[in-house]
There are 2 protein chains.
Amino acid sequence: MENIRSLFQTMTKRFGFLNKNCCSVDGMEISLVQSHILYEIDRLKQPSVQQVADSLGMDITTFSRQVQKLVQMRLVRKTPYPEDRRIMILSLTTEGAYIAAKIDAEMNEYLAEVFSHMSEFEKETVLRSIQLLNDCMAKSSVCCKPMYGSK
Amino acid sequence: MENIRSLFQTMTKRFGFLNKNCCSVDGMEISLVQSHILYEIDRLKQPSVQQVADSLGMDITTFSRQVQKLVQMRLVRKTPYPEDRRIMILSLTTEGAYIAAKIDAEMNEYLAEVFSHMSEFEKETVLRSIQLLNDCMAKSSVCCKPMYGSK
DNA sequence: ATTTATTGTTTGCAATTTACAATTTTTTGA
DNA sequence: TCAAAAAATTGTAAATTGCAAACAATAAAT
């Protein structure tokens with residue numbers, strides 16, 4: 001059996017390649033991080049700037065500037081949170097949601113192609129395995145949380 | 001069942017966090033990409049500059065500069081290939097191999113902790129699943145290969 | 001044998017990305 | 001009330017990136 005880390009290294013590398021393909025939608029150029037930001041804003045409903053930055057493990061200042069770009073591109077909206085006016089709530093514009101959905105569809109298509117090389121049973125097993133893995137990573141103490149506040 | 005992409009997105013994000021931790025060994029600061037380069041040089045035995053850059057899906061010029069840094073840090077050695085003197089063969093120095101091994105050990109330790117949250121049977125299943133997934137990604141046509149020569 | 005094309009690698013350079021420190025604005029709590 | 005904390009932004013300087021171009025060595029062509 002191969003070294004466990006190398007399994008992961010190979011997997012994330014290949015998934016990374018897959019991810020890279022997905023960053024040009026209808027002539028609009030999106031960087032990899034930007035696509036992740038769109039994805040994350042969509043996932044966390046009505047998140048603050050802090051929340052998304054934390055969730056992505058990005059430095060808040062870097063994130064702030066990336067968001068500015070996405071706002072300029074009219075893909076993201078920034079609305080002050082009434083209850084606490086320090087907080088900015090992020091959301092996708094119609095255009096942003098469209099782009100995010102387009103990327104999502106494309107990624108799922110790619111993944112479907114990958115899974116087409118295995119049986120239905122194997123596919124179910126793999127997906128359940130990843131689910132389980134994700135749960136265990138979430139439980140894990142030593143890792144898998146961003147550590148930017150650690151200083 | 002969750003969207004397939006989100007399973008992958010979550011997994012790679014968490015593994016990415018885990019990876020980030022591993023970049024400071026004995027006071028020596030290694031960036032994430034640099035750790036990947038060390039790993040890849042170790043994996044491919046006696047690779048050329050081109051080969052490693054391709055394997056990592058990195059732009060060759062960016063890669064060239066990163067290698068220069070690693071050479072300066074005395075972690076990587078660059079030796080001209082006798083048969084074809086255009087080619088530079090990369091290898092780890094003793095120090096580089098030590099660092100790479102240290103990172104590898106630490107990563108495996110982290111992963112062991114993650115897997116400690118599941119049964120031995122589950123662990124075997126998950127590892128086999130990842131192995132299978134890697135094989136299918138390798139087979140896949142639409143993705144999972146770097147596409148830098150694509151222009 | 002000499003020219004021409006190709007391949008592997010490195011630099012010039014300009015744009016982008018990054019993160020630390022400091023700042024602004026608002027809220028909280030002693 | 002007022003100092004401390006929290007959320008977000010900006011100044012700045014360093015690091016990273018990738019295209020175009022250059023360079024060196026080999027292969028192919030004439």
Side-chain angles (χ1 to χ4, degrees), chain A residues 16-17 19-21 23-24 28-38 40-41 44 46-73 76-91 146-151, chain B residues 16-17 19-20 23-24 28-37 40-41 44 46-73 76-91 146-151:
Chain A
F17 290 156
N19 246 323
K20 270 192 194 167
N21 291 333
C23 296
S24 169
M28 167 83 74
E29 269 305 320
I30 309 281
S31 80
L32 189 58
V33 278
Q34 283 167 356
S35 83
H36 286 154
I37 292 174
L38 292 184
E40 212 63 13
I41 291 177
L44 313 165
Q46 310 285 317
S48 70
V49 170
Q50 238 348 312
Q51 282 172 331
V52 183
D54 283 353
S55 177
L56 286 172
M58 282 180 74
D59 180 272
I60 182 84
T61 70
T62 305
F63 181 74
S64 176
R65 274 184 247 259
Q66 286 290 352
V67 167
Q68 281 174 31
K69 287 201 178 177
L70 288 168
V71 169
Q72 278 172 11
M73 295 182 193
V76 167
R77 207 176 4 241
K78 232 170 18 178
T79 38
Y81 183 56
E83 327 280 317
D84 183 340
R85 300 221 304 284
R86 290 171 300 182
I87 295 176
M88 285 296 194
I89 297 295
L90 300 177
S91 58
M147 20 93 259
Y148 264 97
S150 64
K151 63 161 183 180
Chain B
F17 290 156
N19 246 323
K20 271 192 194 166
C23 297
S24 168
M28 167 84 73
E29 269 304 321
I30 309 281
S31 81
L32 189 56
V33 278
Q34 284 167 356
S35 83
H36 286 155
I37 292 175
E40 212 63 12
I41 291 177
L44 314 165
Q46 311 284 317
S48 70
V49 170
Q50 219 23 287
Q51 282 173 332
V52 182
D54 283 352
S55 177
L56 286 171
M58 283 180 72
D59 181 271
I60 181 85
T61 69
T62 306
F63 181 74
S64 175
R65 275 183 251 260
Q66 286 292 351
V67 167
Q68 280 174 31
K69 287 200 180 177
L70 288 168
V71 170
Q72 277 172 11
M73 295 181 193
V76 167
R77 207 181 0 244
K78 229 169 22 177
T79 39
Y81 181 59
E83 328 279 318
D84 183 340
R85 299 223 305 284
R86 290 171 298 183
I87 296 176
M88 284 297 194
I89 296 296
L90 300 177
S91 59
M147 20 94 260
Y148 264 98
S150 65
K151 61 159 184 181

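Evaluation of the salt bridge (charged side-chain N to carboxylate O under 4.0 Å, His left out) rule for A:R86 yields A:D84 as partners, not counting sequence neighbours.
For the pair B:Y81 OH and C:dG8 C1', the computed distance is 13 Å after rounding to whole Å. If you measure from atom CE of A:M58 to atom P of D:dA8, you get 14 Å, rounded to the nearest angstrom. Put simply, CD on A:E83 is 10 Å from P on C:dT27, counting in whole angstrom units. Distance, A:D59 CG to C:dT16 C1': 16 Å, rounded to whole Å. Distance CZ (B:F63) to C1' (C:dT11): 17 Å, rounded to an integer number of Å. C:dT16 atom P lies 11 Å from atom CD of A:Q34, rounded to whole Å. For the pair B:E29 CD and D:dA14 P, the interatomic distance rounds to 18 Å; values are reported in whole Å. A:L32 has its CG atom 14 Å from the C1' atom of D:dT17, to the nearest Å.
Phosphate proximity of D:dA8 to A:Q68: absent, as no side-chain N or O sits under 4.0 Å from OP1 or OP2. Distances shorter than 4.0 Å separate none of the side-chain N or O atoms of A:Q51 from OP1 or OP2 on D:dA7. OP1 or OP2 of D:dT9 has at least one side-chain nitrogen or oxygen of A:S64 nearer than 4.0 Å. Considering only side-chain N and O atoms, A:K78 lies nowhere under 4.0 angstrom from the phosphate OP1 or OP2 of D:dA8. Contact annotation: A:T62 reaches the phosphate of C:dA19 (side-chain N/O to OP1 or OP2, under 4.0 Å).
Heavy-atom distances to DNA chain D give each of A:R65 and A:D84 a nearest nucleotide, and the one nearer the 5′ end belongs to A:D84. For the pair A:V33 and A:R86, both in contact range of DNA chain C, the more 5′-proximal nearest nucleotide belongs to A:V33.
Contact check for A:N19 versus A:H36: side-chain heavy atoms found under the 4.5 Å cut-off. Contact annotation: the side chain of A:L90 approaches that of A:K78 to within less than 4.5 Å [non-hydrogen atoms, C-beta and beyond]. Using a 4.5 Å cut-off on side-chain heavy atoms (C-beta onward), A:R85 and A:P80 make no contact. Counting heavy atoms from C-beta outward, A:L32 and A:S35 have side chains that approach closer than 4.5 Å.
Side-chain atoms of A:M88 lie closest to D:dT9 of the nucleotides C:dT9, D:dT17, D:dT9.
Contact of A:T61 with C:dA19 (side chain to base): a donor-acceptor pair of N or O atoms is detected under 3.5 Å. A donor N or O paired with an acceptor N or O is not found under 3.5 Å between the base of C:dG8 and the side-chain atoms of B:R85.
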